[in-house]
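As the structure lists them, so they are numbered: ligands from 1, and atoms in each ligand from 1.
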Amino acid sequence: MSIIGPHVDLQIDGNAALVVASSSGLGKASAKALAREGANVVINGRNEDRLEEARKEVEEVATNEVVAQQGDLTDTDDITELVNTTVEEFGTIDHLVTSAGGPPSGEFLETTDEDWEHAYELLVMSVVRLAREAAPHLKEGDGGTIVTITSRTVKEAKENLVLSNSVRMGVVGLEKTLSKEFAPEVRSNTLLPGSHETSRIENLIESAIERGDYENYEEGLEDWAGNPLGRIGDPMELGDTVAFLSSPKSGYINGAALPIEGGSTESNL
Ligand SMILES: NC(=O)c1ccc[n+]([C@@H]2O[C@H](COP(=O)([O-])OP(=O)(O)OC[C@H]3O[C@@H](n4cnc5c(N)ncnc54)[C@H](OP(=O)(O)O)[C@@H]3O)[C@@H](O)[C@H]2O)c1
């Protein structure tokens, strides 16, 4: 299906965006969509080689600047550095997009205090610290936005994912609070992805093939899809939504937690 029509200008050309955990997957797709729409973008990850590869990939679609800043989101100094770099390079921060690695899978009785503390640092405290440090800059202009990428597990607890099911709820509460406290200068929204074909999912399917759970990659993809659309998500479908939520074109959307999962969640709301 192709939709032919006038190009929608998202009106973020020349804006400054900080997209963390963006050397792969959903973060990278978000950085690409923002860069394609003309935003100046800082991308981030821990592994330098992967980050450099991602910088080249984002640059291919960018119409403005792309800067790569290595850093670990569980390190407070690295977070300060990410915010400072964005401001030094682009003068301010208009758009903050947060993502992270996924916490390990497992059942409740398999988890240790350390697992819980690490998941909380990675998934919640990284957003707390980024939002706190970026706040003065986000509030400077009249179109500041925060988009946080979490998971559909906040709506529907998934088997074998106790850390994700539990800890991510804190991010939704935080974003809802920010949508009130930082308004009207800044809008805050959360995305709740279902299965998207990122390197994380690719690796999980490859391991399942090795274990003999699937005959081939296509069978794995089909199994991961599990939604009325009958297919797994393209990361750019999430990235495009991030760009839209960062744009004044979505100016009345604030405090939302939006599922992007092909309709897989069973609940009505
Ligand atoms: N893909 C899906 O279907 C799906 C569905 C629901 C929820 N999610 C969640 O969405 C988030 C992103 O998933 P994804 O599929 O995009 O994963 P991915 O392809 O593995 O990408 C994760 C990115 O985060 C970076 N990262 C991980 N830990 C970091 C840290 N401590 N500091 C800085 N960067 C870090 C990784 O780079 P380095 O490793 O080099 O640091 C990489 O760029 C995860 O929390 C995941 O659980 C994904």
Side-chain angles (χ1 to χ4, degrees), residues 18-33 41-55 57-58 68-79 81-82 85 97-106 117-127 129-130 147-158 160-172 190-207 220-221 223-227 231-239 241-242 257-262 264-265:
L18 169 57
V19 186
V20 300
S22 48
S23 59
S24 171
L26 304 179
K28 184 169 71 179
S30 305
K32 281 170 83 171
V41 179
V42 171
I43 64 167
N44 150 263
R46 290 165 303 174
N47 181 294
E48 301 244 22
D49 294 339
R50 179 141 89 144
L51 184 60
E52 178 53 19
E53 281 304 307
R55 191 189 61 74
E57 198 181 320
V58 178
Q69 175 71 34
Q70 190 269 344
D72 187 332
L73 294 171
T74 60
D75 184 316
T76 52
D77 291 341
D78 285 4
I79 284 186
E81 197 60 35
L82 275 162
T85 299
V97 181
T98 75
S99 185
S105 57
E117 278 155 17
H118 182 260
Y120 190 73
E121 278 289 311
L122 179 65
L123 298 176
V124 183
M125 288 312 296
S126 65
V127 186
R129 292 174 181 133
L130 281 160
V147 179
T148 299
I149 300 169
T150 59
S151 172
R152 66 175 157 178
T153 56
V154 302
K155 282 182 87 78
E156 200 172 68
K158 291 283 170 197
N160 219 29
L161 281 179
V162 65
L163 293 170
S164 184
N165 293 338
S166 311
V167 171
R168 290 185 194 276
M169 297 294 284
V171 179
V172 179
T190 304
L191 295 181
L192 315 179
S195 301
H196 290 260
E197 195 178 359
T198 64
S199 58
R200 181 174 154 80
I201 301 293
E202 284 163 12
N203 293 340
L204 287 170
I205 294 176
E206 296 296 347
S207 313
L221 275 188
D223 193 32
W224 271 88
N227 64 57
R231 64 173 177 86
I232 198 162
D234 182 327
M236 284 311 294
E237 293 177 301
L238 184 134
T241 311
V242 168
L258 181 69
I260 306 199
E261 30 68 309
S264 66
T265 308

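- Nearest protein heavy-atom neighbour of atom 40 (O) of ligand 1: Asn47 N, 3.0 Å.
- Interface atoms of ligand 1 facing Gly71, defined by a heavy-atom separation under 4.0 Å, are 32 (N), 33 (C).
- The minimum heavy-atom distance between Ser99 and Ile149, with the atom names listed, is CB-CD1, 4.1 Å.
- For atom 35 (C) of ligand 1, the nearest non-hydrogen atom of the protein is Arg46 NE, 3.8 Å.
- Heavy-atom contacts of Asp72 reach the following atoms of ligand 1: 30 (C), 31 (N), 32 (N) (cutoff under 4.0 Å).
- Here the closest non-hydrogen pair linking Ile79 and Leu73 is CD1-O, 3.4 Å.
- Summarising the geometry, atom CD belonging to Glu197 is positioned 6.5 Å from atom CD1 belonging to Ile205; distances are rounded to the nearest 0.5 Å.
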Practice task
Apply the test side-chain hydrogen bond (donor to acceptor under 3.5 Å, both in side chains) to residues Glu261 and Thr265: give CA-CA distance (whole Å), side-chain angles for both, the deciding distance (0.1 Å), then the verdict.
Solution key: CA-CA 7 Å; Glu261 30 68 309; Thr265 308; 2.4 Å; yes
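- Using a 4.0 angstrom heavy-atom cutoff, Arg168 counts as in contact with ligand 1.
- Distance from atom 5 (C) of ligand 1 to its nearest protein heavy atom, with residue and atom name: Gly194 O, 3.0 Å.
- Distance alone, capped at 3.5 Å, places no donor-acceptor pair between the Asn203 side chain and the Ile201 backbone.
- Glu121 is linked by a side-chain contact (heavy atoms from CB on, under 4.5 Å) to Thr74, Met125, Arg129, counting only residues two or more places apart in sequence or in another chain.
- A salt bridge is defined here as a Lys NZ or Arg NE, NH1 or NH2 lying under 4.0 Å from an Asp or Glu carboxylate O, and Arg50 with Glu48 fails to meet this definition.
- Checked by atom type and distance alone, the side chain of His196 never pairs as donor or acceptor with a backbone atom of Met236 at under 3.5 Å.
- Taking a cut-off of under 4.0 Å to the non-hydrogen atoms of Ser99, the atoms of ligand 1 that pass are 11 (C), 12 (C).
- With hydrogens and angles disregarded, no donor-acceptor distance shorter than 3.5 Å links the side chain of Ser166 to the backbone of Leu163.
- If you check which protein heavy atom lies closest to atom 20 (O) of ligand 1, you get Arg200 CB, 3.7 Å.
- For ligand 1, the polar-atom distance check finds an N/O of Ser199 within less than 3.5 Å of one of the ligand's N/O atoms.
- His196 N, 2.7 Å is the protein heavy atom nearest to atom 3 (O) of ligand 1.
- What sits closest to atom 24 (O) of ligand 1 on the protein, heavy atoms only, is Ala21 CB, 3.2 Å.
- Comparing heavy-atom distances from atom 48 (C) of ligand 1 across Leu122, Leu26, Thr198 singles out Leu26 as nearest.
- Nearest protein heavy-atom neighbour of atom 37 (O) of ligand 1: Ser23 OG, 3.2 Å.
- In terms of polar-atom proximity, Leu73 is counted as a contact of ligand 1, with an N or O under 3.5 Å from an N or O of the ligand.
- A salt bridge (Lys or Arg N to Asp or Glu O under 4.0 Å) with Arg55 is found for one member of Glu53, Glu52, Glu57 and no other, namely Glu52.
- Ligand-side atoms of ligand 1 in range of Gly25: 16 (O), 19 (O), range being under 4.0 angstrom from any heavy atom.
- Assignment of Thr150 to the shell around ligand 1 is supported, since a heavy atom sits closer than 4.0 Å.
- Atoms of ligand 1 found under 4.0 Å from any heavy atom of Ser195 (numbered from 1 in listed order, with element): 3 (O).
- Geometrically, ligand 1 and Gly101 share a nitrogen or oxygen pair separated by less than 3.5 Å.
- Note that CG of Asn44 is 8.0 Å distant from CG of Asp78, once rounded to the nearest 0.5 Å.
- Looking at Arg50 against ligand 1, only its side chain comes within 4.0 Å, counting heavy atoms.
- When hydrogens are left out, the protein atom nearest atom 18 (P) of ligand 1 is Ser24 OG, 3.6 Å; that is the closest non-hydrogen contact.
- With respect to Glu237 and Arg231, a salt bridge is recorded, a charged nitrogen being found less than 4.0 Å from a carboxylate O.
- Looking only at distances, no side-chain donor or acceptor of Thr198 sits under 3.5 Å from a matching main-chain atom of Leu26.
- Atom CE of Met169 sits in a sparse spot, with 12 or fewer heavy atoms from other residues, nucleotides or ligands closer than 6.0 Å.
- On a distance-only criterion, Ala100 and ligand 1 share at least one N/O pair closer than 3.5 Å.
- Ligand 1 is never approached by Ser126 to a heavy-atom distance shorter than 4.0 Å.
- For Gln70, no heavy-atom contact with ligand 1 is shorter than 4.0 Å.
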